[in-house]
Amino acid sequence: MTPRVTVFLFCKNRARTIRRSVESVLAQTYQDIEYIIQDGASTDGTLEVLREYDDPRISLRSEPDSGPAAAFWQTLRRCGGDYVCACLSDEELLPDAVAEAVAALESDRNVAAVTRDTYLTDIDGRVVDTVKGRPFHLLAYMANRFCPHFSAATFRRTSLELAGLQTRDWNLDCGEFELWCRLALVGAISYLPGVASKYGQHDRQLSRIPANVSRLVQGRLRAIADLAAETGLFEGRSDLLQACRIGTVLSFADDLKHLGARREAVAFCLTVADESSRLPEPRLAALAVDGYIRIARGRRMDGDERTALDILEVAWRLMPSEASLACEIAQAYAADGRIDLAFDMYEAAIRLAPELLDVHWERGVLLERRGQIDEALESWRASDLRRDARRHSLYLAAALKSPGSTNESLLVLQQEWASYHTPREP
């Protein structure tokens with residue numbers, strides 16, 4: 001007897017794309033399929049399209065729901081097959097996808113799920129790219145360093161039950177994320193090379209709406225905290241817990257920035273220092289640069305140079321016109337011995353804001369350390385030496401080492417110093 005596979009679909013108002021999805025499931029070379037479809041009371045003709053398919057494998061239900069997150073769990077809990085996979089309204093399964101997944105899962109009973117590669121398509125199903133999967137690593141996934149495509153995954157139902165499918169109150173803000181995490185704690189997640197699905201990527205996706213991304217990030221941070229508290233996964237390794245939080249916040253902040261939601265992106269990045277995992281209300285971005293720098297300096301004082309630089313680099317991607325950020329990153333690169341990168345950032349800062357005199361001074365310090373004395377002197381002069389007697393004194397000391405200096409030129413420099421910094425008689 002062959003194992004039964006449940007393919008599930010939840011949808012609402014997806015008449016434009018639903019046919020491709022349904023027909024890809026019905027065309028599977030593997031025949032023992034239960035097809036669970038949950039429609040959220042569509043009003044655009046989606047339900048009428050679904051009712052056209054007279055196939056005994058289809059179990060169609062249409063009723064109002066509270067949104068995609070609730071529909072996801074409602075539909076998944078209806079699945080009764082030995083194995084379970086999804087094919088949503090803008091996705092397709094390749095003809096042998098189910099058969100190949102079943103063969104992989106049958107060959108190793110310790111595997112909780114198998115993941116595969118996927119094609120990216122536009123809203124009309126035209127392939128635009130291929131996304132390769134990779135072996136699943138829980139901590140890397142929790143830090144959002146990679147994401148298995150749900151459309152290219154097949155799950156063992158008994159493993160889903162062990163993870164709490166029917167018994168747990170799941171986090172509705174990040175259901176897929178929590179499911180992968182808890183599934184990885186009950187069994188192995190195997191990667192099988194080869195394309196299994198098509199995944200639509202377009203502006204109508206929920207993941208392209210900034211408010212949904214914000215809610216997802218908040219849910220992920222709560223799920224990470226819950227998993228840490230419940231499982232002991234991070235016991236004695238607070239650094240790993242923090243790495244997961246930081247990776248989540250910074251990567252999704254970058255996504256928000258690309259979606260045009262800069263304020264929300266800034267707000268999330270500023271929460272990197274918040275150990276509570278609770279996010280504040282999005283704040284205005286006017287002081288964002290100072291916020292990033294303050295947090296990064298705090299991390300450096302704690303000896304966490306890597307995290308400090310991560311924060312600054314993401315801030316620079318969000319705000320590439322802020323000279324003070326460029327200068328701060330240059331200092332971090334210099335401290336890390338990456339001198340060429342430090343020079344690049346100092347020069348970027350000077351291009352953006354030549355009036356920031358301290359940037360010229362810091363660049364000169366780096367030049368002097370490299371033995372480029374004349375270039376250092378030129379950079380220091382641009383910093384307005386009249387402002388600081390100590391710096392002007394260091395300038396004089398460096399001038400003594402310049403190959404081009406003469407007694408006469410040094411005398412002029414000393415007289416210049418005296419004219420600026422010698423106290424005058426009242």
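Of the possible polar contacts, none joining the Thr248 side chain to the Asn144 backbone as a donor-acceptor pair under 3.5 Å is found. Judged purely by atom type and a 3.5 angstrom limit, Asp44 uses its side chain to pair as donor or acceptor with the backbone of Ala15. Not one N or O on the side chain of Trp361 forms a donor-acceptor pair closer than 3.5 Å with the backbone of Trp380. Glu328 contributes no side-chain N or O that, together with a main-chain N or O of Leu312, makes up a donor-acceptor pair within less than 3.5 Å. Remark: side-chain polar atoms of Arg116 are paired, donor with acceptor, to backbone N or O of Pro193 under 3.5 angstrom. The backbone N or O of Glu100 sits nowhere less than 3.5 Å from a side-chain atom of Asp96 that would complete a donor-acceptor pair. No side-chain donor-acceptor contact under 3.5 Å links Ser21 to the backbone of Ile18. Remark: side-chain polar atoms of Arg14 are not paired, donor with acceptor, to backbone N or O of Phe10 under 3.5 angstrom. Here the side chain of Gln28 pairs a donor or acceptor atom with the backbone of Leu94 at under 3.5 angstrom. Without hydrogens or angle criteria, Gln38 side chain to Thr75 main chain gives no donor-acceptor distance under 3.5 Å.
Other residues, nucleotides and ligands contribute more than 12 heavy atoms inside 6.0 Å of the CD atom of Glu23. Within a 6.0 Å sphere centred on CG of Asp169, heavy atoms belonging to other residues, nucleotides or ligands number 12 at most.
No side-chain N or O of Arg157 forms a donor-acceptor pair with one of Tyr83 less than 3.5 Å apart.
Salt bridge Glu230/Arg168: present, at least one basic N to carboxylate O contact under 4.0 Å. Taking 4.0 Å as the cut-off between side-chain N and carboxylate O, Arg20 and Asp90 do not count as a salt-bridged pair.
Contacts of Glu91 classified as side-chain hydrogen bond (donor to acceptor under 3.5 Å, both in side chains), with partners at least two apart in sequence or in another chain: none.
Between His149 and Tyr199, the two ring planes are tilted [angle within 30° to 60°]. Between Tyr395 and His392, the two ring planes are perpendicular [angle over 60°; tilted spans 30° to 60°].
Evaluated for a ring-ring contact (aromatic ring centres under 6.0 Å, His included) with Phe72, the options Phe150, Trp170, Phe177 yield exactly one hit, Phe150.
Relative to the six-membered ring of Tyr141, Arg134 misses at least one condition, a distance below 6.0 Å or an angle of at most 45° to the axis.
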Taking it one step at a time, do Arg182 and Asp226 satisfy salt bridge (Lys or Arg N to Asp or Glu O under 4.0 Å)?
CA-CA 11 Å; Arg182 294 192 181 277; Asp226 290 344; 5.6 Å; no
